[in-house]
Amino acid sequence: MPTITQQQIKEHGLSGDEYKRILELMGREPSLVELGIFSVMWSEHCSYKSTRFHLRRLPTKAPWVIQGPGENAGVIDIGDGDACIFKMESHNHPSFIEPYQGAATGVGGIMRNVFTMGARPIAMMNALRFGEPDHPKTRHLVEGVVRGIGGYGNCMGVPTVGGEVNFHRSYNGNILVNAMCVGLARTDKIFKSAAEGAGNPVVYIGSKTGRDGIHGATMASAEFDDASEEKRPTVQVGDPFTEKLLLEACLELMATDAIIAIQDMGAAGLTSSSAEMGDKGGSGIELDLDHVPQRETNMTAYEMMLSESQERMLAVLKPGREKEAEAIFRKWELDFAVIGHTTDTNRLVVRHKGETVADMPITALSDAAPVYERPYDRRAASVGVPQYDAKKPLLDSLARILGSPDMCSRRWIWEQYDYTVMADTVQRPGGDAAVVRVHNAKKGLAITTDVTPRYCKADPFEGAKQAVAEAYRNISAVGALPLAVTDNLNFGNPQKPEIMGEIVGAVDGIAEACRALDFPVIGGNCSLYNETNGEGIDPTPAIGGVGLMADVNRMATVAFKREDDVLMLIGDTRGRLGQSIYLREIEGREEGAAPPVDLAAEKKHGSFVRKLIEDGRVDTCHDLSDGGLLVALAEMALAGGIGAEAGVAGTTVDAIAFFFGEDQARYVIATPLDEANRIEQELRDAGIVHAIIGKTHAAKTLRIEGEGEVALSELRKAHEGWFPAYMAVAHEN
Amino acid sequence: MKSAVVVFPASNCDRDAAVALQSLTGKKPHMVWHQESHLPEVDLVVLPGGFSYGDYLRCGAMASQSAVMRAVKAHADKGGAVLGICNGFQVLTETHMLPGALMRNADLKFVCRPVALEIEETQSLFTRKYEKGQRVHFPVAHGEGNYFADEETLDRLEGENRVVFRYADGDNPNGSARNIAGILNERRNVMALMPHPERVVDPLLGGTDGVGLFQSLIETLS
Amino acid sequence: MKARVFVTLKNGVLDPQGKAIGHALNGLGFGAVGEVRQGKVIDIDLAESDAAKAKASLKDMCEKLLANTVIEKYEIELKA
Amino acid sequence: MKARVFVTLKNGVLDPQGKAIGHALNGLGFGAVGEVRQGKVIDIDLAESDAAKAKASLKDMCEKLLANTVIEKYEIELKA
Ligand SMILES: Nc1ncnc2c1ncn2[C@@H]1O[C@H](COP(=O)(O)OP(=O)(O)O)[C@@H](O)[C@H]1O
Ligand SMILES: [Mg+2]
């Protein structure tokens with residue numbers, strides 16, 4: 001038996017205490033294979049050891065929630081026997097190392113999470129964060145990530161319908177690539193991962209196993225390739241063609257009743273899928289690695305258990321159904337092998353070449369995995385009202401903001417994604433939320449991803465509330481009822497109390513907002529240690545939200561539709577410029593208090609607007625977020641090709657603050673005059689602060705009282721110009 | 001009109017094509033797996049869009065070798081109608097049922113957006129419901145739609161009025177020679193185009209400009 | 001036997017990828033770079049020891065699948 | 001001077017294209033075909049007559065642009 005050295009323990013990312021705990025649980029020294037299994041199962045990624053304690057505070061229940069966190073993806077009931085299954089996940093580190101493959105495999109991974117539960121994926125979203133545009137790596141990363149997302153999603157034939165992108169120096173050394181997948185299933189046909197019962201066959205399906213993604217450090221012994229002496233790369237390459245076949249084959253198998261449990265092989269592949277299925281089913285699992293389909297020769301047990309080769313699934317079948325399942329996978333020309341069976345021992349037993357290479361209690365990998373209540377320090381939130389030059393010409397600033405990296409059109413990105421395949425995309429990228437119709441039905445799903453990291457940096461609690469509120473608003477603004485969220489918590493090193501404080505603050509903020517808005521969390525993902533040279537990223541708790549639209553024929557979009565529509569601003573405008581886009585882009589500072597979020601107002605205003613759209617009274621609506629009112633008006637004008645005029649409507653707020661402040665819980669709607677009059681009365685009755693601020697007009701200009709006007713063509717040039725011009729410059733890889 | 005949609009491994013617009021055909025003809029098309037060597041009795045065979053074989057090696061190359069393509073060829077040889085959309089166009093050029101080739105887009109990027117097209121030729125079973133010179137908008141969604149053929153072939157296509165769809169001036173999304181978006185074979189019963197008519201048959205999804213193509217087929221083949 | 005097949009575009013066929021690479025190289029300061037053309041190289045393990053037979057079979061593969069002879073030409077190289 | 005650069009996937013890196021081509025060739029009846037790997041070949045016209053300098057410059061191009069050295073390796077061949 002090998003003796004485990006201090007060096008090996010360290011290379012496996014285990015602390016001294018953790019190793020002691022392993023010795024206790026095992027009652028002996030682990031083998032190298034067992035050590036590897038512990039190392040991946042107890043990693044932050046698989047065990048959530050730093051966040052699990054806090055995540056318990058998130059609200060996860062509602063009458064429409066069928067499955068909350070804990071399975072491969074969350075499930076909600078959307079009526080008529082239909083279920084919506086969705087999840088968001090990060091692929092940050094791999095995308096920094098190799099942007100194309102990192103992003104592509106991120107998309108593939110999240111799709112498997114969704115279709116392993118029986119859903120056909122119907123829409124993809126992505127939330128991206130890159131370093132500052134001038135950083136030498138940024139272009140290459142943007143180019144590769146976008147191409148990778150498109151390369152995988154387009155081939156799968158699933159529309160990529162939206163997302164968000166920010167550039168900020170805090171991501172120079174750690175970009176964020178968060179991908180979200182939304183799928184549809186029938187409520188009585190949802191597949192889970194609990195491998196209940198003993199003596200059932202465990203089958204391996206999909207691609208062959210290679211030495212992909214096995215962490216370099218732990219592989220020092222076998223790492224060199226004899227022929228070239230080159231170090232084996234640990235990057236995984238995606239194969240969307242195989243994934244498409246895997247999707248169709250799995251759905252075909254799922255139409256039978258042969259499956260007891262099924263789970264995709266994601267991080268820590270064979271190890272985590274088998275351990276989790278056994279754990280959830282309260283059974284044991286015995287694997288014989290000799291039967292694992294292998295792409296390379298002489299693979300060790302260690303390599304096979306830790307490989308992260310893509311496009312693979314593990315399933316437990318009802319006994320006797322193997323032939324039937326095999327026929328399906330052969331038809332789709334995929335590998336299929338019975339590689340083990342379930343037992344009643346509650347142990348994970350792994351055999352290879354006639355030897356038992358691992359034999360461990362499954363609970364040691366799940367329940368007994370460490371949970372840390374790490375010390376945290378919630379530093380004081382940034383406060384204050386920032387100074388600014390009140391004389392700067394408003395419309396010049398608008399053009400500059402519309403042409404800035406964070407605010408310009410993302411067309412360069414979304415045109416590389418097939419957003420119309422599946423013929424159900426009723427609201428395309430460019431609006432507040434994307435809307436995809438439920439196939440063969442009248443209803444649709446509204447989808448958005450949101451977070452404003454600069455608010456979260458200034459105040460993790462309010463910032464996280466804001467992320468949830470903005471997702472709620474984006475869904476309401478198209479006319480859908482927000483139903484549930486998935487989160488993706490991207491942070492720095494949790495072993496630093498101030499970072500842990502950001503995490504705790506953000507979790508509390510999400511919890512409070514989701515509770516107040518009836519918007520439960522049904523899934524999520526944590527990506528910690530996003531740090532380079534001791535510099536962490538800005539806290540980035542991305543929120544992916546999904547809502548239900550009863551009738552996609554009654555949907556609002558941001559585009560102005562008619563001349564002489566009245567512009568109504570709903571919500572209170574104080575002109576808060578703290579942490580605003582205006583302050584950063586025009587004054588060059590990120591300071592002051594992040595805008596506070598009044599959740600009661602969010603709910604009230606959102607419900608009001610939604611009702612107007614549902615009743616078919618309003619078809620033009622935009623929520624206000626980054627850049628405030630004037631940016632929203634410009635986006636509405638550009639989207640519709642119709643101009644408008646507006647003023648401060650008798651308020652005492654200074655024009656710059658009025659037009660660029662980022663107060664929350666606000667929407668702009670545009671309707672013909674008589675409807676506007678009725679709506680105004682209803683707003684008054686409901687006690688909702690509002691103002692008529694102007695109207696759309698015949699000229700193709702945006703005119704602001706006392707500031708003059710600017711041609712839409714000029715704004716469009718600024719808005720559409722930045723991305724293509726930026727990406728046109730030659731860059732190194 | 002009876003129709004069939006061929007399904008290759010990783011076709012992904014097969015459902016979209018079937019939905020459009022069913023909604024316009026009232027009949028469910030047959031879905032034919034690429035390993036079939038016989039086609040059902042149909043008037044129209046559609047080769048749908050997608051990424052057959054992942055677009056690996058060359059788009060459409062591996063699909064062109066499938067058993068079903070021999071049957072499709074036989075169907076066309078008997079005068080049966082064949083419509084190729086996007087990947088279907090690539091398969092048809094790889095099978096040499098249509099001339100030329102579809103290369104990487106000139107700017108090397110996948111492009112998804114609505115494009116303006118001009119109907120060049122209405123003397124065909126695919127376009128008789130349109131007017132000559134009519135402008136329509138269909139979405140494109142492809143990485144390799146850059147139509148290439150040698151000058152002689154291009155001249156011949158034009159001379160024989162076999163260029164059916166052209167990208168409107170200034171709206172060529174991929175660098176195609178002479179703005180060609182869709183062409184006919186010599187016998188005029190096989191037509192393919194890169195843009196997606198089946199994605200514009202529902203006003204909710206960005207227009208109904210594609211209806212004319214299916215109506216033309218229905219009128220001629222029923 | 002191992003074989004290497006080169007599939008490259010025929011002269012006169014435009015090569016957007018090659019052009020883009022040339023452009024990017026110039027942009028990165030490689031001023032001496034003139035025309036660039038990109039093609040494919042396909043390495044094949046072949047269970048065939050007779051060189052003539054291997055070559056014939058590879059030629060057949062090229063004609064049937066590996067090259068699109070409308071736009072591409074191919075070369076075959078046998079190794080060890 | 002003309003140069004030819006080969007860019008191929010490192011050993012052990014999954015090659016979905018090669019895999020699919022191999023599979024297709026088997027399907028077409030080429031039973032002797034074993035593993036297939038696909039790579040790129042890039043032909044470059046270079047206004048440089050000194051072989052050593054050309055080689056150094058090409059190496060630089062590979063590192064900076066032509067190869068993705070995380071997953072690919074390259075070889076440089078100088079011609080005439
Ligand atoms: N990475 C991306 N991929 C696709 N679409 C994107 C991406 N980033 C932004 N978009 C789209 O651009 C539009 C504007 O995004 P954003 O300003 O973040 O919207 P909002 O402020 O309403 O949340 C949205 O429709 C969004 O879906
Ligand atoms: Mg919005």
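Since we're looking at a predicted model, the values are computed, not measured. Just so we're on the same page: letters track the sequence lines, and every chain starts at 1.
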Checklist entry - Of all heavy-atom pairs between D:P16 and A:G238, which one has the smallest distance, and what is that distance? => result CG-O, 3.6 Å

Next on the checklist: Quick check on D:K59: does its NZ atom have over 12 non-hydrogen neighbours (other residues, nucleotides or ligands) under 6.0 Å away?
Outcome noted: no

Checklist entry - So which heavy atom on D:L14 is nearest to which on A:D239, and how close? => result CD2-CB, 4.2 Å

Next on the checklist: Between A:T242 and chain D, with a heavy-atom cut-off of 4.5 Å, which part of the residue counts as in contact: side chain, backbone, both or neither?
Outcome noted: side chain

Checklist entry - With only heavy atoms counted, which part of A:H140 is less than 4.5 Å from chain D, the side chain, the backbone, both or neither? => result neither

Item to check | NZ on D:K19 to CZ on A:F241, rounded to 0.5 Å | outcome: 8.5 Å

Checklist entry - chain A heavy atoms under 4.5 Å from D:E63: which part of the residue, side chain, backbone, both or neither? => result backbone

Item to check | Segment of A:E333 engaging chain D (4.5 angstrom heavy-atom cut-off) | outcome: side chain

Checklist entry - Applying a criterion of heavy atom separation less than 4.5 Å, what residues of residues 97-108 of chain A form contacts with chain D? => result A:I97, A:E98, A:Q101

Next on the checklist: Check whether A:R295 reaches the backbone of D:G12 with its side chain - one donor and one acceptor, N or O, closer than 3.5 Å.
Outcome noted: yes

